[in-house]
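Have a look at the structure below before the remarks.
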Amino acid sequence: MTQDQTIQALSEETRTFAPPAEFTANANVTAEAYDRAAADRLGFWDDAAQRITWAEPYTEVLDWSDAPHSKWFVGGKLNAAYNCVDRHVENGLGDRVAYYFEGEGGDTRTITYKDLQDEVSRAANALLELGVKTGDRVAIYMPMIPETVFAMLACARIGAPHTVIFGGFSARAIADRVQDCGVEVVITADGGYRRGKPSPLKAVVDEAMESCPDVRTVLVVKRTGQDVDWTEGRDVWWSDVVDRQSEQHTPEAFDAEHPLYVMYSSGTTGKPKGILHTTGGYLVGTSYTHWAVFDIKPESDVYWTAADIGWVTGHSYIVYGPLANATTSIMYEGTPDTPHQGRWWEIIEKYKATILYCAPTAIRTFMKWGRQIPAKYDLSSLRLLGSVGEPINPEAWIWYRAHIGGDTTPVVDTWWQTENGQILISPLPGVTATKPGAAMRALPGIVADVYNDQGEPVGNGEGGYLVIKEPWPGMLRTLWGDDERFQHTYWDKYPGVYFAGDGAKRDQDGDIWVIGRVDDVMNVSGHRLSTTEIESALVSHDAVAEAAVVGAANETTGQSIEAFVILRESAKGGGQDIVDELRKHVRTEIGAIASPRSIMLVDELPKTRSGKIMRRLLRDIAENREPGDSTTLADSSVVARIQQEVSGA
Ligand code: WTA
């Protein structure tokens with residue numbers, strides 16, 4: 001579907017689904033929460049902050065005097081790892097399962113809160129022995145295994161902000177992030193299992209380290225047992241240094257605004273943004289929203305966020321939110337079709353999962369595989385389903401509810417971003433009568449709106465730009481090393497108001513439907529990628545003179561990456577070889593997730609008189625549609641020629 005068709009489908013969607021009466025009767029949050037927050041927003045967040053154990057109380061909920069820089073829970077001190085682990089053990093929950101880990105190959109581990117406390121404490125002691133100090137940044141490039149959580153919490157425990165790099169990124173992407181963040185210690189694994197095979201991680205880190213002379217230690221978890229190269233003096237096995245440590249470690253309390261982590265995310269330029277989250281507000285925001293949106297009952301729920309820890313969804317809803325709430329979670333290492341297409345449903349049946357949270361791309365893939373596959377499993381334990389990461393089309397929403405949720409479970413479509421840290425717009429499952437494809441309205445304590453170009457709120461039935469009008473606890477504090485870009489990207493378009501970069505619509509009832517990015521950011525399978533970043537990667541190849549990348553609508557992945565490339569004279573005539581070579585080059589520069597679906601070799605690109613590439617027209621071509629208005633082009637016959645070249649190829 002094109003964006004226009006999506007908007008059309010969304011506009012025609014009129015079904016609503018009220019929460020089941022029994023769900024409402026037992027829900028954590030009632031409609032009253034909206035009134036409470038509307039009457040006293042900071043009082044509301046003050047209450048929510050009581051979910052957290054503060055080593056020293058804060059004196060003020062919010063300091064917004066230096067806007068857009070916020071300070072939440074001013075003067076408060078806390079330790080994030082203590083809040084996620086130790087206090088639960090102190091409260092007698094040491095035997096509760098924190099994670100049911102399911103390896104791709106079928107190996108399993110059950111990790112209780114007491115196990116977690118021991119492992120995190122050992123890892124924290126090891127990091128201290130390796131010379132990591134409070135404030136030092138530690139990079140983590142890992143598969144989806146429990147040690148990834150141990151490593152993150154060990155960092156948090158000693159106040160060393162982590163920067164987790166998604167395991168699909170290339171050596172070049174690692175090096176960029178490690179350099180930008182000034183990292184000296186990297187934690188990785190020999191490899192992880194993907195699609196039934198060990199896939200290397202340490203080897204990729206080794207390559208990245210060639211351009212990272214400041215990294216003095218690479219700590220390596222043994223996961224697959226595959227051969228690895230070893231750099232003496234730099235590389236250390238996790239088992240050698242962590243296992244022999246004491247499981248006693250006293251967590252230190254840090255300021256509420258102490259940096260917790262940096263997560264790199266794609267923006268509209270070639271350079272990823274280092275989004276900075278701090279400790280107190282982030283924990284309050286993730287803990288409250290996890291409890292409210294997923295209606296978490298920690299004593300009975302088995303919760304599963306089927307995402308990667310390398311993205312913000314994993315940070316907030318596999319690690320910090322669920323653990324702060326003493327939840328039992330499932331963690332799965334591999335892909336949904338290994339060794340068979342029913343793997344997720346087998347896992348749900350096995351652990352009697354009660355809540356599933358995943359991306360629409362996964363749901364659309366399952367639709368394609370057929371409803372007979374989930375139908376083979378007992379999914380009756382599920383009581384709530386969530387969606388995140390991209391707009392969910394009504395058809396996928398309905399399918400999810402019907403074939404996974406047994407036609408009874410509420411579905412919450414949660415809108416948020418890496419920058420937000422926490423869910424901002426979503427139904428509340430015991431309150432909201434949901435509409436398929438709508439994130440509905442801002443959560444209690446959040447003030448969202450849809451603005452037109454002039455910065456005025458649009459009326460019902462109108463579309464515009466999604467904005468957040470008041471600060472919230474989990475918000476980013478700045479961009480690592482680039483405060484100017486922070487201010488410019490989010491706060492300049494509408495002064496004092498957070499500009500999300502998403503288009504949205506208010507329906508006749510005033511409910512919000514998020515439509516997708518309005519900038520050069522693409523959303524491919526729920527992964528955020530920048531068109532400019534991929535263009536820069538292409539242009540860095542000797543054979544390329546110019547490149548333009550667009551995201552075209554794709555039925556399964558939401559968008560697909562389509563590249564238009566002009567070769568240098570010397571490289572012309574290379575045919576399919578050069579296309580393969582360029583695809584490989586993008587993998588090396590960024591990672592396999594950024595590899596274009598198609599690379600079209602063309603002789604020219606549609607440009608305005610001022611030289612700006614008109615991506616909109618390229619999108620029309622890639623989506624096989626009659627190109628729109630091309631009157632502002634310097635040469636309006638270009639589009640027809642490109643169409644010819646593309647169809648001839
Ligand atoms: C998109 C992922 C529609 C949106 C948590 C946003 C969504 C970007 C939704 C952030 C949703 C996320 N409906 N679109 N429920 N959730 N998005 O930083 O375009 O990886 O700006 O954070 O994903 O992606 P990010």
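Just follow the structure's listing: the first ligand is 1, and inside any ligand the first atom is 1. Just so it is clear, the values below take in all heavy atoms, side chains as well, and ignore hydrogens, waters and symmetry mates.
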Does Arg194 have any side chain to side chain donor-acceptor pair (under 3.5 Å) partners at least two apart in sequence or in another chain, and if so, which?
none
If you draw the axis of the six-membered ring of Tyr465, does the NZ or CZ of Lys493 fall within 45° of it and under 6.0 Å from the ring centre?
yes
Sorted by chain and residue number, the residues with a non-hydrogen atom under 4.0 Å of ligand 1 are Val312, Thr313, Val388, Gly389, Glu390, Pro391, Asp413, Thr414, Trp415, Trp416, Gln417, Thr418, Asp502, Val514, Arg517, Asn523, Arg528
Interatomic spacing from CG in Leu529 to CD1 in Ile590 - rounded to 0.5 Å:
7.5 Å
Residue pairs meeting ring pair (Phe, Tyr, Trp, His ring centres under 6.0 Å), one or both in residues 417-451, sequence neighbours left out, come to Tyr451-Tyr494
Sole residue of Tyr320, Trp472, Trp72 in ring pair (Phe, Tyr, Trp, His ring centres under 6.0 Å) with Tyr282:
Tyr320
Identify, with sequence neighbours excluded, every residue that meets side chain to side chain donor-acceptor pair (under 3.5 Å) alongside Ser595.
none
